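These notes concern the structure reproduced below.
Along the sequence shown, residues carry numbers from 1. As the structure is a prediction and not an experimental result, all values here were calculated from the model.
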Amino acid sequence: MSDLARTDEIFFARAGLDRLRLGATVDDALARADDGELYLEYCQSESLVFDDGRLKSASYDTTQGFGLRAVAGETTGYAHGSELSEAAIRRAGQTVKAVSAGYAGKTGEAPASTNHALYTDTNPLGEVAFEDKVRLLTDIDAYARGCDVRVRQVSVSLLGSWQAVQILRAGGARAGDIRPLVRLNVSIVAGEGERLETGSHGTGGRAGYTAWIDPRNWRAQVDEALRQALVNLRSVPAPAGEMTVVLGSGWPGILLHEAIGHGLEGDFNRKKSSAFSGLMGQRIGAKGVTVIDDGTLADRRGSLNVDDEGTPSGRNVLIEDGILVGLLQDRLNARLMNMRPTGNGRRESYAHAPMPRMTNTMMLAGDAPPADILRSVKRGLYAVQFGGGQVDITSGKFVFSSSEAYLIEDGKVGAPVKGATLIGNGPDALTKVAMIGNDMALDSGVGTCGKDGQSVPVGVGQPTLRIDGLTVGGTGS
């Protein structure tokens, strides 16, 4: 059964909505608008947290609702509700059509249909019994504590959701998608004497629980979290100053996501609030720097069969060999900028209007072996993992803290350091990329992106990179 047929069953057969009457309501609400849609959502989610040797919390939630949007020029009318009834949607229609009163827009063409089937439609919440999930968390806790006597505390979380959406447009065009999502996280505190340090790791994606609860999988998450904690136990204060920085592959792509990716979203560029505004076709990065956003990767956390406006996701090239060639677009900003939608119109839930957002954003591989990149550095910092950070979209300035980093001296990886902070400017940093590794890797499937109060799952990735002349904040000499 297709995702559209499955969502028909959820919203029409079970919820009792009449598709023809609903279509007439949408047509009426959008009669004078340039664009808009009715977004229907049903979502089941659960969260289990195991901490301090016991199940600390377990929650299960079911939400459903609709969001109806009408767009006239740059103005958006949006109404939403948790009551899935024709009466509630009709009332919402009367509200949003006010934005197009006296306006004579031409409704944009509906997105082309897609044959994407990037992930299973299995509901992970019913795949494994609750008792087995608790047993899994208990086993992870016991394994972690048995790995090393220095383990002081273990925290494990297991999160799953199953979301069904259908998008209805004027004229009867429809798109449906069923989206599973699972995430497993392990955090370990290790100690020696009075010193305590933390390591964490996780995995996830758009699949059922089975793949993630395999012992080989969860033990790998524990082993990596413990390795990070033990590395940090022997860390020394990070040096400060301008130096060469080598970024590891995979999760360090979060810096690319934040410092570069947001600046390439259509809304910021249309409003000229991005550091990249007006630079289309110009060189903004070193030769060899190619950045893409790809929502079509199978089972990945940031992937989508269709975005939240019904546009099929795609593989969108943003920077090619250092030249800015593309932006991430939803339908509204694409229309106003005379560009095409790229399948990046995303929303957190039915209670939110869509806007341009990333999916899986990555820099493609170069040809340098990672060992050669490290050997090329006389003195610098090797940043392997990152924690939090802040970015100013307008200026491109960023500050990121590294949760695992090492000194590089005479081409060799030296002592681990603590408290390293990378300070720079995204557009400027792109021009300082001196070597690009041949080891491009994606993150393990735990990314979440926040923008304007909305959070959505995303993926990141990159190869090992050498960047010359970044400022490192630290407390060492």
Side-chain angles (χ1 to χ4, degrees), residues 227-228 231-232 234-261 283-292 319-323 361-387 389 396 398-443 460-477:
R227 184 197 65 79
Q228 290 181 29
V231 164
N232 287 327
R234 55 187 178 85
S235 62
V236 299
E242 186 176 291
M243 64 185 71
T244 297
V245 174
V246 176
L247 302 179
S249 63
W251 179 246
I254 190 64
L255 193 153
L256 174 76
H257 168 104
E258 295 288 358
I260 307 299
R283 177 167 297 282
I284 62 170
K287 288 187 69 63
V289 171
T290 296
V291 177
I292 69 170
I319 303 171
E320 187 169 22
D321 199 24
I323 306 297
T361 310
M362 67 206 77
M363 184 183 295
L364 299 187
D367 56 9
D372 288 356
I373 295 177
L374 291 167
R375 276 195 292 267
S376 74
V377 180
K378 178 69 174 177
R379 181 177 183 273
L381 186 79
Y382 181 31
V384 178
Q385 296 288 342
F386 281 90
F398 64 79
V399 178
F400 273 88
S401 60
S402 180
S403 56
E404 181 184 355
Y406 303 83
L407 293 172
I408 306 174
E409 296 179 305
D410 295 323
K412 296 180 180 179
V413 178
V417 297
K418 182 180 180 180
T421 301
L422 301 188
I423 304 168
N425 178 286
D428 182 56
L430 274 185
T431 68
K432 295 181 177 180
V433 174
M435 298 180 75
I436 303 174
N438 60 8
D439 60 338
M440 201 287 282
L442 298 171
D443 75 290
V460 300
Q462 68 170 44
T464 299
L465 296 177
R466 171 178 164 170
I467 305 177
D468 293 339
L470 278 186
T471 299
V472 176
T475 58
S477 57

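Residues Met440 and Ser249 form no side-chain contact, since every pair of their non-hydrogen atoms from C-beta on lies 4.5 Å or further apart. Side-chain atoms of Pro463 and Met363, non-hydrogen and from C-beta on, do get closer than 4.5 Å to each other. Side-chain contact check for Val377 versus Val246: some heavy-atom pair is nearer than 4.5 Å. Taking the side chain as every heavy atom from C-beta outward, Arg466 and Val433 never approach each other to under 4.5 Å. Annotation: side chain of Val417 is not in contact with side chain of Tyr406 (no heavy-atom distance under 4.5 Å). You'll find the side chain of Ile254 stays beyond 4.5 Å of the side chain of Leu256, heavy atoms only. A 4.5 Å side-chain heavy-atom check between Phe398 and Glu258 finds every atom pair outside the cut-off. Looking at heavy atoms from C-beta onward, Ile423 lies in side-chain contact with Thr421 at the 4.5 angstrom threshold.
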Exercise for the section: Show the numbers, then the answer: is there a side chain to side chain contact (heavy atoms under 4.5 Å, CB included) between Ile408 and Leu381? Expected result: CA-CA 6 Å; Ile408 306 174; Leu381 186 79; 5.9 Å; no
Practice task
Could you check Val460 against Leu442 for side chain to side chain contact (heavy atoms under 4.5 Å, CB included), going step by step and ending with a plain yes or no?
Solution key: CA-CA 6 Å; Val460 300; Leu442 298 171; over 6 Å; no
Handout entry: Full working for side chain to side chain contact (heavy atoms under 4.5 Å, CB included) between Leu430 and Ile260
Key = CA-CA 9 Å; Leu430 274 185; Ile260 307 299; 3.7 Å; yes
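Here CE of Met362 is found 12.0 Å from NE2 of His257. Values are rounded to the nearest 0.5 Å. Here the CG atom belonging to Leu470 is positioned 6.0 Å from the CG atom belonging to Leu422, to the nearest 0.5 angstrom. Within the model, atoms CG of Leu465 and CD1 of Ile436 stand 6.5 Å from one another, a figure rounded to the nearest 0.5 Å. Here Leu364 contributes atom CG and Glu320 contributes atom CD; the two are 9.5 Å apart, rounded to the nearest 0.5 Å. Note that CE of Met243 and CG of Asp468 are 12.5 Å apart. Values are rounded to the nearest 0.5 Å. Atom NZ of Lys432 and atom CD1 of Ile467 lie 9.5 Å apart (nearest 0.5 Å).
Nearest heavy-atom pair across Ala238 and Gly419 is CB-C, 4.0 Å. Among all heavy-atom pairs drawn from Ser402 and Ala383, the shortest one is OG-CB, 3.9 Å.
Between the side chains of Thr244 and Arg379, no donor-acceptor pair of N or O atoms lies under 3.5 Å.
With Thr471 contributing its side chain and Gly241 its backbone, the two residues share no donor-acceptor pair below 3.5 Å. A donor-acceptor contact shorter than 3.5 Å links the side chain of Asn232 to the backbone of Gln228. Not a single donor-acceptor pair under 3.5 Å links the side chain of Gln462 to the backbone N or O of Thr361. Side-chain atoms of Asp439 come within 3.5 Å of backbone N or O of Thr464 as a donor-acceptor pair.
Ring geometry for Phe386 against Phe400 counts as perpendicular: the plane angle is over 60°, on a 0 to 90° scale with 30° as the lower cut.
Contact check on Glu404 versus Lys418 returns no salt bridge, with no Lys/Arg side-chain nitrogen under 4.0 Å from an Asp/Glu carboxylate oxygen. A salt bridge links Lys287 with Asp321; the closest basic N to acidic carboxylate O contact falls under 4.0 Å.
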